[in-house]
Number of protein chains: 2
Amino acid sequence: MRRMTARPGNAHQARLLTLLRDGGPNSRAQLGDQVDLSRSKLAVEVDRLLETGLVVADGLAASRGGRRSHNIRLNPELRFLGVDIGATSVDVAVTNAELETLGHLNHPMDVREGPVAVFEQVLAMAAKLRASGLAEGFDGAGIGVPGPVRFPEGIPVAPPIMPGWDGFPVREALSQELGCPVMVDNDVNLMAMGEQHAGVARTVADFLCVKIGTGIGCGIVVGGEVYRGTTGSAGDIGHIQAVPDGRPCACGNRGCLEAHFSGAALARDATEAAQQGLSAELASRLDTNGALTAVDVAAAAAAGDATALDLIREGGNRTGQVIAGLVSFFNPGLVVIGGGVTGLGHTLLAAIRTQVYRQSLPLATGNLPIVLGELGSAAGVTGAARLISDHLFSPA
Amino acid sequence: MRRMTARPGNAHQARLLTLLRDGGPNSRAQLGDQVDLSRSKLAVEVDRLLETGLVVADGLAASRGGRRSHNIRLNPELRFLGVDIGATSVDVAVTNAELETLGHLNHPMDVREGPVAVFEQVLAMAAKLRASGLAEGFDGAGIGVPGPVRFPEGIPVAPPIMPGWDGFPVREALSQELGCPVMVDNDVNLMAMGEQHAGVARTVADFLCVKIGTGIGCGIVVGGEVYRGTTGSAGDIGHIQAVPDGRPCACGNRGCLEAHFSGAALARDATEAAQQGLSAELASRLDTNGALTAVDVAAAAAAGDATALDLIREGGNRTGQVIAGLVSFFNPGLVVIGGGVTGLGHTLLAAIRTQVYRQSLPLATGNLPIVLGELGSAAGVTGAARLISDHLFSPA
DNA sequence: CGTACTTTCTCCACTCAGTGGACAAAGAAG
DNA sequence: CTTCTTTGTCCACTGAGTGGAGAAAGTACG
């Protein structure tokens with residue numbers, strides 16, 4: 001199939017594409033109800049979209065008491081690629097234009113192996129998805145990386161945990177390889193967009209999305225749009241001081257949130273506890289190198305191990321204190337907790353909630369849900385697909 | 001004079017009004033260069049504005065090598081009233097449509113006397129300004145109050161330091177009394193708008209404006225627009241925990257920033273120090289009730305008193321720690337420090353800068369100016385005038 | 001099956017915002 | 001006085017968008 005290259009020619013067309021993406025197939029009449037245009041004008045714009053091939057007419061809908069309507073839908077052959085590069089693994093998914101996931105692959109990989117090795121892996125996974133018949137090619141790709149990004153150019157800048165990527169032209173390189181438009185963003189922002197598109201944040205204009213994985217970051221959504229800050233580092237809350245004179249952090253300071261709670265910190269603390277004989281449950285899970293992972297801690301906690309539960313609770317308290325400050329400052333309508341440690345579940349959530357509800361003012365917390373993300377590892381790739389679709393569905 | 005009631009009829013007219021407000025008188029040709037409209041269309045819109053009386057043609061400008069242009073300017077008889085209600089004083093100013101202050105009055109007053117008493121004072125001050133010939137009436141008024149506001153309705157909600165104002169219909173009441181449109185906002189947001197319009201933040205899209213007065217608040221500007229949060233309490237940073245298990249705060253928690261540093265806290269700490277005989281300089285300034293104010297501390301510091309300087313430095317460190325967290329989170333392009341304690345000057349600023357530059361990541365602080373506001377007490381009233389002018393200069 | 005009613009979609013004349021070129025007005029430079 | 005520049009006005013034209021008429025394609029009911 002020849003890949004689509006058209007873009008909407010004006011704001012009306014862009015709006016229609018978005019409606020079709022988020023609301024699925026629709027008749028002209030239904031679209032007219034949502035778009036505040038006369039039927040005549042609407043018909044003209046729909047016809048133009050049909051000409052570009054971005055949308056197709058596909059059969060008649062059931063009658064609603066009168067003439068049956070023609071179903072208008074986004075071209076079902078369109079394919080987006082969503083890529084989520086985490087600190088320790090890579091996710092790649094294919095979606096259709098409605099951002100429904102058609103296939104999803106995951107592969108463990110250390111991002112510090114550098115852009116060349118990771119790109120090779122991503123392209124191999126994309127090829128595998130293509131080979132399985134899910135796509136003949138891609139009309140666009142979104143990609144998230146675990147660090148700050150100069151958004152317009154799609155280039156990571158000074159990323160602490162992936163130094164080899166500094167200045168690497170991710171957008172251009174991937175666009176070359178795939179032969180389609182590419183947008184790049186911070187992985188946390190993509191998670192926020194994913195939860196906004198298909199998860200718990202569908203109806204909220206202003207919210208925070210805290211991702212606790214190897215590190216800690218926070219996606220900020222203002223008026224439905226991701227806020228990236230002046231240099232693209234907004235939401236970098238891992239190095240906010242959580243404990244005065246606390247543990248030393250890789251950044252050079254002491255007491256950073258990330259040094260006290262994150263996937264890495266939790267694994268480290270649990271390993272120490274196990275080696276000191278504080279918990280037989282944890283000790284039983286030590287691997288051949290005498291180390292534990294955050295997943296082990298979650299398992300031990302689920303089995304009722306007091307030490308594991310304490311570690312989670314303490315981490316949740318630290319995190320909750322920081323979030324409480326952010327809630328006072330930002331007054332969001334929702335706080336989403338996601339990332340690898342979501343497996344720690346209710347214990348973590350309860351600790352965070354306790355701190356936030358106790359420390360922030362009632363006006364800010366009175367009607368503030370604090371919930372776990374509902375998409376899990378699909379949030380990132382869905383957000384990536386959403387990112388490129390927002391780009392392609394805006395006027396050229 | 002008959003007050004203006006017209007509003008711009010479309011977005012073009014709104015844009016033209018804004019250009020004339022921020023850029024002063026202009027010829028049609030110069031406006032055309034800034035507005036991306038054909039000369040014909042521009043002439044039509046200018047003519048319509050002339051008809052409404054919002055703008056006037058006033059004389060010929062000097063030639064620039066050809067035919068002389070007609071000066072177009074905002075009607076010089078338009079008058080806005082800017083009101084800034086602080087915790088301990090009221091500021092009222094008159095501006096023209098270009099938001100230039102024509103007259104400014106200040107009156108000490110405790111906001112806890114309640115809306116009725118404060119309104120009486122505000123109206124008396126407005127009448128005085130009118131009587132002095134600065135205005136025959138007002139075309140609009142902006143008013144700031146020291147607490148969260150339900151912005152669309154212009155009603156304070158659950159304001160901690162002015163409980164008597166909860167639910168009082170400020171917008172409607174003042175509009176009735178003055179007979180003109182009124183907009184209400186948090187005083188901190190108005191300060192941010194003031195510095196954005198005429199102060200240090202003129203060219204920055206995303207910035208924070210920290211106001212340290214009786215309490216502490218923070219104005220948040222995202223993409224040139226004030227961000228108010230879901231319930232209007234965004235920027236309420238006074239109750240972020242700055243010191244674990246610190247001083248008890250009026251809000252019921254311990255260690256809130258406001259309990260450790262603010263005009264009130266500084267006065268309290270200085271009074272204690274003076275009474276304990278730690279500083280002769282401070283003791284010499286005790287009033288008849290044996291108390292000090294923040295102004296006394298500033299004076300003592302200026303005189304080189306070590307105790308006063310220490311208090312300021314410690315407060316600046318606390319504040320700087322909290323701001324450092326906000327900088328990591330928000331990645332602003334500028335941080336403005338303002339409010340009553342601006343008199344503490346460089347000592348305070350240096351302490352704040354030290355903490356922020358030390359604790360936040362280089363990417364966020366690399367090019368981040370942290371400066372004092374340049375408008376002083378005029379920031380609030382200017383921001384208030386700007387608020388109502390933004391409202392009136394937007395399409396009806 | 002025929003008639004009345006509903007919903008969907010198309011067609012078309014009309015309005016109005018906006019463009020761009022021609023030209024007049026007014027001044028500067030020589 | 002001529003030439004050139006800048007400013008502002010006029011006017012015919014384009015194209016976006018509207019709203020009503022009516023065709024197309026159904027359902028409901030006698």
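Predicted, not measured: the structure shown is a model, and the values here were computed from it. Chain naming here is simple, since letters A, B, ... match the order of the sequence lines and numbering starts at 1 in each.
Of all the residues in residues 21-38 of chain B, B/R28, B/A29 reach under 4.0 Å from DNA chain D with at least one non-hydrogen atom. The stretch residues 55-65 of chain B comes close to DNA chain D through B/R64, B/G65, each having a heavy atom under 4.0 Å from the strand.
The separation between A/Q13 atom CD and D/dA16 atom P is 11 Å, rounded to whole Å. At whole-Å resolution of the value, CZ in A/R68 and P in D/dA25 are 11 Å apart. Rounded to whole angstrom, the span from the CD atom of A/E45 across to the P atom of C/dC9 amounts to 16 Å. For A/L50 and C/dC9, the CG to C1' distance is 13 Å, given to the nearest whole Å. Atom pair B/D47:CG and D/dT9:C1' shows a separation of 10 Å (rounding to whole Å applied). One can place CG of B/L42 at 15 Å from P of C/dA17, the figure rounded to the nearest angstrom. One interatomic measurement links the two molecules: CD1 of A/I72 to P of C/dT8, which rounds to 13 Å at whole-angstrom precision.
A donor-acceptor contact closer than 3.5 angstrom is absent between the side chains of A/S69 and A/R28. Checking A/S27 against A/N71 by side-chain atom types alone, no donor-acceptor pair falls below 3.5 Å.
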Show your reasoning for whether side-chain contact (heavy atoms from CB on, under 4.5 Å) applies to B/R228 and B/D185.
CA-CA 9 Å; B/R228 298 185 173 84; B/D185 204 345; 2.7 Å; yes
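Taking the six-membered ring where the residue is Trp, the centroids of B/Y227 and A/F330 are separated by under 6.0 Å.
For D/dG19, the base has a donor-acceptor partner in the side chain of A/S40 [N/O atoms by modelled type, under 3.5 angstrom].
Residues in residues 170-179 of chain B take part in no side-chain hydrogen bond (donor to acceptor under 3.5 Å, both in side chains) pair, two or more places apart or across chains.
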Please tabulate, one pair per line, each protein N/O and nucleotide N/O from nucleotides 23-25 of chain C that are separated by under 3.5 Å, including the distance.
from, atom 1, to, atom 2, distance (Å)
C/dA25, N3, B/R67, NH1, 3.4

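A salt bridge links B/R48 and B/E45; the closest N-O separation between the charged side-chain nitrogens and carboxylate oxygens is under 4.0 Å. With respect to A/E195 and A/R386, no salt bridge is recorded, no charged nitrogen being found less than 4.0 Å from a carboxylate O. Ion pairing between B/R73 and B/D58 holds under the 4.0 Å rule for side-chain N and carboxylate O.
In this structure, B/S69 reaches the sugar-phosphate backbone alone: every heavy-atom distance under 4.0 Å involves primed, P, OP1 or OP2 atoms, never a base.
Under the ring-ring contact (aromatic ring centres under 6.0 Å, His included) criterion, A/F138 pairs with no residue, sequence neighbours left out. Evaluation of the ring-ring contact (aromatic ring centres under 6.0 Å, His included) rule for A/F393 yields no partner, not counting sequence neighbours.
The phosphate of D/dG17 has OP1 or OP2 within less than 4.0 Å of a side-chain N or O from A/H12.
The two atoms that bring A/G333 and A/P369 nearest to each other are O-CD, 3.3 Å, heavy atoms only.
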